[in-house]
Structure formats: C-alpha cells, structure tokens
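Remarks on the structure that follows.
Note that the coordinates shown come from a computational prediction; the quantities given were computed from them, not determined experimentally. Start at 1 and go down the list; that is how both ligands and their atoms are numbered.
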Amino acid sequence: MRAVGYGSGLVSGRRARPAQQPMMQSNRQLRYHLTTFGCQMNEHDSERMKGMLESLGYAEADRRSEADLILFNTCSIRETADSRFIAHLGEARRLKRESPERVVGVGGCWAQSVKEEVFERFPFVDVAFGPGQVNKLAEFLTSDSLTAQGYFEFEGFTGRLPARRERPFQGWVQISVGCNCACSYCIVPSTRGREVSRPLAELVAEVEAMAVDGVKEVTLLGQNVNSYGRDLPSGPSPAVAAAAGRREGASFAELLRLLDGIDGIERIRYTSPHPKDMREDVVRAHAELASVCEHIHLPLQSSSSRILKAMRRTYDRARYMDRVAMIREHVPDASLSTDIIVGFPGETDEDFEETLEVVEEVVYDSAFTFMFSPRRGTEAAEITAGLVEHPIKVQRMARLLELVQRGARERAQRFVGRTLEVLVEGPSRTDPDRLRGRTRHNKVVNFAGLACAGELTDVEILAATSQTLAGEERLLARAAV
Ligand code: 5AD
Ligand code: SF4
C-alpha cells in the first residue's frame with residue numbers, strides 16, 4: 001500500500017491540517033455525510049466507509065450542511081457520472097467556505113482517474129483517494145502528520161473493513177478487485193488495477209459471519225466476478241481443502257458451491273460477469289445450487305463481431321449466442337439481463353442492426369443501455385475515425401430501448417399466474433400501503449401483504465410490466481378465500 005501526499009506539494013500555502021478528534025469536538029459528536037455515485041462496487045465500498053467512520057466515532061448526518069466530514073464516492077464510467085458529481089461538489093465548496101474546518105473528501109474511480117488534478121481543479125478538497133483506499137481515509141482522519149491535502153492510491157480490500165449495511169438482511173461480498181480485461185472503452189482497469197482475488201477461506205468465513213448476523217441474500221462483487229480465483233494458488237480438492245482451511249484458490253463455480261452450503265444464506269447473486277468466463281460449471285451452479293438465483297447478467301455491449309473486436313471483448317456474436325443457448329438449456333427459466341453500448345466509434349447502421357437482431361433473438365428481461373462516451377486514457381478515446389454523432393446515438397438508443405422494453409414486457413408475462421418467492425425489502429415506493437420486494441429472478445414486485453422487511457414470502461403474481469410485477473401475498477389471498 002502506498003500513500004502519496006502530493007497534493008500539498010502542488011498547492012502552495014496550505015495549512016497543516018490538525019487531525020479531527022473523531023469522538024468529540026467541543027463536546028459534540030462529529031458527523032459525516034457520504035454521497036455515492038456509480039456501481040454496486042461503489043455502494044459496497046460506501047457501506048464499508050460508513051462502517052469504518054462509525055467505528056471511529058463519527059455519526060451519519062442527514063444533510064451535507066450538518067456534516068463535519070463531507071465525502072463523495074465517485075464514478076468515472078461515463079461522462080454523465082462525472083458531471084452529476086461535479087454539480088454536487090459545488091455545494092461542498094460553499095459549505096467549506098462557510099466553515100473552513102470541515103473536511104471534504106473525494107474517493108473512488110473519478111478521484112483515481114484524475115489524481116493530482118483533484119486538488120488543482122478543486123482546491124477546497126482536503127483528501128482524495130482511489131477505490132479501495134477507504135482504510136487510508138481512516139489514517140488521514142486520525143493522523144496529524146499529514147498535510148492538508150493528501151492523495152492515496154492502490155488497493156486494499158474494502159471487503160475486510162467493517163460494514164454498515166443499508167438493509168440488515170442483504171450484504172455485499174467483495175470477492176475480487178481490479179480487472180485483467182482490456183475492453184477498449186473502459187476506464188476500470190486503470191482505476192481499479194489488475195485483478196486480485198480474496199482467498200477462499202476468508203470469503204467463506206465472511207459469509208458465515210454474515211449469515212449469523214441475519215443476512216439472507218449476498219451479492220458477490222467484482223469487476224469480473226467469474227474469473228475469480230485464477231490469480232490464487234490452487235491446491236487439492238476444493239471442498240476438502242477449504243474445509244481444512246488449507247486451500248487459497250478455487251474457481252468461481254467452486255466458490256458458489258461452498259457459499260451455497262452455508263446455513264441461513266438463502267440467495268446468492270453476483271455481478272458483474274464476463275461472457276468469456278461464463279463456463280458450463282457456473283451455469284450449472286444456477287441449476288443445481290438452491291441458493292444461486294435464476295438470474296444471469298451477460299453483458300453484450302454490441303453484437304457486431306467487428307465492433308466487438310474493436311472493443312476487445314474477446315468473443316464474437318456466435319460465441320455469445322452459444323453462451324445464451326447454454327444458459328437456456330440448463331436454466332430455461334433464468335432471467336437474462338445485459339449491458340449495451342450504442343455509438344461506439346466506427347459503429348455503422350449495419351453494425352447497429354446486428355445488435356438489434358440479437359436483442360430481438362435473445363429477448364432480455366432487462367438491459368442497461370449506454371451511449372458511448374470517451375474516457376480518458378482508454379484506447380477507444382484515441383479513435384478519431386468513424387465517430388458517431390450525438391443525434392445518431394440518440395436515435396439508435398431510442399430504437400434499442402423500444403425493443404428492449406417490448407422484449408422485457410413479453411418475457412415478464414411468463415410470471416403472471418405463478419407464485420414466486422419474494423424477499424421483502426420494505427414499503428412500495430409508489431404506494432406505502434403495499435410492499436415491495438424482489439424475486440429470485442431479480443424482478444421488483446409490488447404487492448399487497450403483511451410480511452416484514454427481510455422476510456421471504458410467497459406472492460401470487462397478478463400483472464407484469466417491462467419493469468415490475470404486481471401481486472398479492474399468498475397468505476393474504478388464502479385468508480380472503
Ligand atoms: N461509454 C459508454 N458506456 C460504457 N460502459 C463502460 N464504459 C463505457 C463508456 N466509455 C458501460 C458498459 C459496462 C457498463 C458498466 O457501463 O456497458 O458494461
Ligand atoms: Fe464507476 Fe466502474 Fe468505478 Fe464502478 S468500477 S464506480 S462503474 S468506474
């Protein structure tokens with residue numbers, strides 16, 4: 001691990017920052033406010049940040065204006081994420097001007113991608129740190145040896161820090177960090193570094209402890225989850241050796257098998273996998289292991305083999321479709337979701353039509369769709385030929401969305417009339433008299449019922465749109481008969 005305090009060298013005249021005494025300042029508990037942008041890995045890191053801050057004696061403030069420590073966990077995957085965050089940063093500047101003793105911290109992928117520029121562009125920021133450097137933030141807050149501005153980089157596993165879970169019955173498990181792929185559009189390899197997996201025994205112990213704590217659903221996180229374990233030394237038969245605590249490594253499918261054996265863990269999800277690593281053993285785990293949910297995210301990005309090559313995705317349309325066929329063969333009812341980028345440099349009308357063809361053929365249960373945006377330091381950002389103009393991207397996006405929604409609506413009808421197990425998350429967002437939960441297929445269900453948050457209950461599905469299902473809790477339906 002390395003701490004680089006270059007900020008102080010670049011910005012002249014900064015005072016040395018006295019350490020905040022976490023518990024009290026003028027007999028008052030210090031408070032933090034944290035805003036999270038980006039993906040589930042960032043949400044996980046934020047939970048760890050909160051856990052870490054609370055173990056240092058900080059309490060969470062409802063509003064930024066009430067906080068002694070204003071933190072942002074940033075994302076840099078697309079331009080929109082950058083600009084949303086910068087708008088929020090304006091408020092932090094104003095608050096810092098009002099009370100200069102406040103500490104403003106910026107963590108995560110955006111901070112990593114601009115590094116020293118953070119302090120040049122935003123001199124009111126005190127501390128910046130890359131993803132995974134949450135532990136360094138603790139050092140910064142409690143040390144008085146650092147100057148006012150510090151930038152920290154390189155990985156520690158945030159998964160090893162205490163968490164403060166948003167919902168006590170759902171937990172994230174960071175199984176690896178970094179990514180060894182070289183997708184030409186993606187900033188992640190430069191912000192999160194090479195892939196490093198956490199040892200198997202450590203993960204099993206973490207999930208066991210979560211189960212004891214009341215967690216029912218775990219989501220395994222990594223930039224490329226299903227290449228888990230390739231960097232770890234492997235040993236004898238995984239079950240035997242892991243039980244004896246001797247083996248460090250295992251394949252992703254073996255990890256799923258071991259976690260499935262943990263009492264109390266009812267559901268296992270994971271994100272994000274890469275189609276190239278979606279092997280038969282992983283797909284079979286969905287069919288064979290009771291807790292592994294019937295939902296697979298299979299990021300397509302494009303289905304023009306020419307564009308896939310330029311994206312360096314290492315599969316072509318035919319190989320992707322083979323993966324889909326394998327999933328449908330072993331887990332016919334699984335829901336499938338995907339990520340698609342429109343307007344990658346060089347994407348012609350014909351290339352885009354190919355993407356539409358695959359979307360029509362697969363019929364996804366949901367899709368995340370993105371307009372290509374060049375990210376600094378990536379190979380695709382250097383491409384100057386065949387750039388797709390914004391209005392064309394917008395048109396393509398509209399056509400794609402229409403097709404995705406039509407497909408999702410169609411697929412969702414298979415649930416109507418069935419009774420599905422739902423993990424209750426709380427009241428419905430649109431109608432507080434109803435409940436909201438999620439099926440194993442990762443569909444949101446709004447339903448009439450009496451169950452409490454964190455319970456698993458059976459819900460009869462009465463209607464379905466492209467996004468959500470509607471229903472009635474089984475017990476309630478029976479009582480009415
Ligand atoms: N432009 C647009 N979309 C992108 N994604 C990643 N990088 C870019 C980019 N430069 C999308 C991909 C990825 C998802 C998380 O974000 O579809 O799977
Ligand atoms: Fe955004 Fe990617 Fe970083 Fe997640 S890993 S916060 S998506 S840049």
Side-chain angles (χ1 to χ4, degrees), residues 36-45 73-85 108-110 112-114 131 176-192 195 219 221-227 269-278 295-304 307-315 320 323 336-347 351-352 355-356 358-359 362 364 366-384 386-390 392-394 396-397 400-401 404 442:
T36 309
F37 300 90
C39 64
Q40 284 159 320
M41 186 66 97
N42 266 20
E43 283 178 36
H44 162 273
D45 284 359
N73 194 9
T74 62
C75 172
S76 56
I77 197 99
R78 285 172 294 279
E79 256 170 339
T80 43
D82 285 11
S83 43
R84 273 184 59 214
F85 153 65
C109 295
W110 178 84
Q112 176 79 21
S113 70
V114 297
S176 59
V177 292
C179 182
N180 290 352
C181 298
C183 303
S184 60
Y185 50 81
C186 185
I187 200 166
V188 169
S190 67
T191 56
R192 299 232 179 207
E195 183 173 302
T219 303
L221 292 178
Q223 250 68 50
N224 180 8
V225 267
N226 51 351
S227 68
R269 304 185 184 280
Y270 58 84
T271 191
S272 200
H274 192 298
K276 79 176 165 59
D277 298 309
M278 190 52 80
H295 166 226
I296 296 183
H297 186 65
L298 201 65
L300 171 67
Q301 313 300 0
S302 164
S303 37
S304 148
I307 295 295
L308 283 169
K309 198 163 179 192
M311 289 178 164
R312 299 198 186 283
R313 288 292 286 171
T314 70
Y315 54 84
Y320 183 91
R323 298 290 197 243
L336 263 185
S337 58
T338 197
D339 291 344
I340 299 170
I341 299 177
V342 301
F344 186 83
E347 184 187 71
D351 293 317
F352 177 64
T355 299
L356 293 183
V358 166
V359 170
V362 174
Y364 292 100
S366 70
F368 300 94
T369 50
F370 309 102
M371 282 192 258
F372 171 77
S373 68
R375 306 316 288 145
R376 70 158 68 199
T378 59
E379 191 187 334
E382 304 296 313
I383 304 176
T384 49
L387 297 185
V388 180
E389 286 173 11
H390 188 69
I392 305 282
K393 285 186 193 165
V394 173
R396 288 184 186 166
M397 180 64 109
L400 176 63
L401 274 176
V404 162
N442 207 31

Take Q40 and T219, measure what side-chain hydrogen bond (donor to acceptor under 3.5 Å, both in side chains) needs, and give me the verdict at the end.
CA-CA 9 Å; Q40 284 159 320; T219 303; 5.9 Å; no
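- The aromatic rings of Y315 and Y320 lie tilted to each other, with the angle between the two planes from 30° to 60°.
- Contacts with ligand 1 closer than 4.0 Å are made by side-chain heavy atoms of F370 only, the backbone lying farther away.
- Interface of Q301 with ligand 1, defined as ligand atoms under 4.0 Å from a residue heavy atom, comprises 12 (C), 13 (C), 17 (O), 18 (O).
- Looking only at distances, no side-chain donor or acceptor of N226 sits under 3.5 Å from a matching main-chain atom of P273.
- Formation of a donor-acceptor pair under 3.5 Å by the R323 side chain with backbone atoms of P275 is found in this model.
- The residue among S373, P374, C183 with a heavy atom at the shortest distance from atom 1 (N) of ligand 1 is S373.
- Not a single heavy atom of P299 sits less than 4.0 Å from an atom of ligand 1.
- Geometrically, ligand 1 and R375 share no nitrogen or oxygen pair separated by less than 3.5 Å.
- The backbone N or O of N42 sits less than 3.5 Å from a side-chain atom of N73, completing a donor-acceptor pair.
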